[in-house]
*Asks:* 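Pasting a structure below so you can have a look.
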Protein chains: 2
Amino acid sequence: MQSDLVIRALAALAQVHRLAAFRLLVQAGPEGMPAGALAQALAVPASSMSFHLAQLANAGLVTQRRHSRSIVYSADYAAMGGLMAYLMENCCGGEACVPAPSCTPQISEAKDVA
Amino acid sequence: MQSDLVIRALAALAQVHRLAAFRLLVQAGPEGMPAGALAQALAVPASSMSFHLAQLANAGLVTQRRHSRSIVYSADYAAMGGLMAYLMENCCGGEACVPAPSCTPQISEAKDVA
DNA sequence: TCCACATTTCTATATTTATAGAAATATGGA
DNA sequence: TCCATATTTCTATAAATATAGAAATGTGGA
């Protein structure tokens with residue numbers, strides 16, 4: 001993960017609605033949630049939610065796939081791990097640091113994660 | 001760590017100079033670096049560097065202490081850990097997740113970390 | 001084909017953030 | 001006390017971002 005992407009990822013997360021949406025997706029797991037459900041959960045107009053989801057996607061933090069009329073978003077766990085790794089890099093000059101974390105869920109029934 | 005602080009921390013890191021400065025501080029360890037050295041390392045005017053450092057401090061990501069004429073900044077490792085923990089919270093619905101990382105350096109000679 | 005639904009793209013406006021020079025503040029030494 | 005250094009605060013300007021209505025797009029059912 002390079003600097004520019006990291007900046008975009010951090011900027012994407014540094015906004016109330018996007019942070020909330022991302023966390024909902026993180027907690028939802030690989031199955032994800034449709035845009036409308038996110039908009040409703042956060043009480044944000046559809047067009048605004050779309051704007052925010054586009055930024056999360058642009059930063060590589062979420063993926064999207066169409067499921068019938070809905071567009072379902074899922075958190076990209078690898079991207080999240082990469083972001084953390086970048087922030088921790090060479091922590092304390094490389095001494096006594098915990099290795100970068102990762103969250104790799106066992107894919108249960110949602111194998112079609114785009 | 002609560003939502004508002006997390007937003008501020010993410011926003012603080014989502015800027016080239018601040019991300020670079022923070023990473024320099026992370027790598028510098030508890031000893032930290034004076035504002036001037038950071039400004040020089042990043043080729044940024046002193047007033048701009050000061051502006052950016054103030055935001056990192058406001059987000060709780062760095063601490064500052066005066067050392068003679070210089071003001072020395074250090075990364076706050078606990079804050080960084082807290083930020084990561086927040087992002088990972090309830091990852092995958094709480095299943096099969098790595099515990100939140102932390103970087104707790106063994107304080108060598110810099111015991112005066114404000 | 002026509003219509004309802006889910007979402008996005010377009011648009012304009014309001015708000016926030018970055019930038020860096022100049023002036024102000026604090027520290028230490030001559 | 002006076003001066004040089006290190007940094008911050010003040011200021012104005014430039015640039016990026018958030019907001020949400022309205023219109024456009026894609027999907028599926030009657």
Side-chain angles (χ1 to χ4, degrees), chain A residues 3-25 28 31-75 112 114, chain B residues 3-22 24-25 28 31-74 112 114:
Chain A
S3 167
D4 177 62
L5 228 201
V6 170
I7 296 279
R8 266 186 292 158
L10 290 166
L13 292 172
Q15 204 281 338
V16 250
H17 298 321
R18 290 197 295 263
L19 182 59
F22 182 72
R23 273 163 52 90
L24 280 180
L25 292 177
E31 271 187 68
M33 288 174 74
L38 288 167
Q40 188 169 15
L42 302 178
V44 162
S47 68
S48 298
M49 191 75 259
S50 180
F51 168 79
H52 291 308
L53 288 172
Q55 305 215 26
L56 286 170
N58 177 257
L61 289 168
V62 303
T63 56
Q64 65 204 120
R65 70 200 133 100
R66 182 176 277 279
H67 181 60
S68 179
R69 269 178 283 198
S70 297
I71 294 188
V72 176
Y73 286 84
S74 319
D112 54 342
Chain B
S3 167
D4 177 63
L5 227 200
V6 170
I7 296 279
R8 265 186 292 158
L10 290 166
L13 292 172
Q15 205 281 339
V16 249
H17 298 321
R18 290 198 294 264
L19 181 59
F22 182 72
L24 281 179
L25 291 177
E31 271 187 66
M33 289 174 73
L38 287 167
Q40 188 168 16
L42 302 179
V44 162
S47 68
S48 297
M49 190 76 259
S50 181
F51 168 79
H52 291 307
L53 287 172
Q55 304 215 27
L56 286 170
N58 177 257
L61 289 168
V62 303
T63 56
Q64 66 204 116
R65 69 203 133 99
R66 183 175 277 280
H67 181 60
S68 179
R69 268 179 285 196
S70 298
I71 294 188
V72 176
Y73 285 84
S74 318
D112 54 344

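No experiment lies behind these values; they were computed from the predicted model shown.
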*Asks:* List the atom of A:Ala35, the atom of A:Met49, and the distance in Å for their closest heavy-atom pair.
*Replies:* O-CG, 4.0 Å
*Asks:* Less than 4.5 Å apart, side chain to side chain, heavy atoms only: is that true for A:Met33 and A:Leu24?
*Replies:* yes
*Asks:* Does A:Arg8 use its side chain to pair, donor to acceptor, with the backbone of A:Asn58 at less than 3.5 Å?
*Replies:* yes
*Asks:* With a 4.5 Å cut-off on side-chain heavy atoms, are B:Leu25 and B:Leu61 touching?
*Replies:* no
*Asks:* Below 4.5 Å, heavy atoms only, C-beta onward: do A:Phe51 and A:Arg18 meet side chain to side chain?
*Replies:* yes
*Asks:* Without decimals, in angstroms, what is the distance between A:Ile7 CD1 and C:dT17 C1'?
*Replies:* 14 Å
*Asks:* Which pair of heavy atoms, one from B:Leu53 and one from B:Val62, lies closest together, and at what distance?
*Replies:* O-CG2, 4.2 Å
*Asks:* Give the intermediate values and the outcome of side chain to side chain contact (heavy atoms under 4.5 Å, CB included) for residues B:Leu56 and B:Leu13.
*Replies:* CA-CA 8 Å; B:Leu56 286 170; B:Leu13 292 172; 4.2 Å; yes
*Asks:* Please report, rounded to the nearest Å, how far the P atom of C:dT7 is from the CZ atom of A:Arg65.
*Replies:* 13 Å
*Asks:* Using a 4.0 Å cut-off to any heavy atom of chain A, which nucleotides of DNA chain D are the first and last in contact, reading 5' to 3'?
*Replies:* D:dA18 to D:dG28
*Asks:* Compare side-chain N and O positions of B:Gln15 against OP1 and OP2 of C:dT19 and report whether any pair is under 4.0 Å apart.
*Replies:* yes
*Asks:* Provide the closest heavy-atom pair for A:Ser74 versus A:Arg65 in the form atom of the first, atom of the second, distance.
*Replies:* OG-NH2, 3.3 Å
*Asks:* Which ones in residues 46-61 of chain B lie close to DNA chain C, meaning a heavy atom under 4.0 Å from one of its atoms?
*Replies:* B:Ser47, B:Ser48, B:Phe51, B:His52, B:Gln55
*Asks:* Just how far, in rounded Å, is P of C:dT7 from CD of A:Gln40?
*Replies:* 10 Å
*Asks:* OP1, OP2 of C:dT8 versus side-chain N and O of A:Tyr73: anything below 4.0 Å?
*Replies:* yes
*Asks:* Expressed as a whole number of angstroms, how long is the span from A:Leu10:CG to C:dT17:P?
*Replies:* 15 Å
*Asks:* Relative to the 5' end of DNA chain D, which residue comes earlier, A:Arg66 or A:Ala14, by the nucleotide with the nearest heavy atom?
*Replies:* A:Ala14
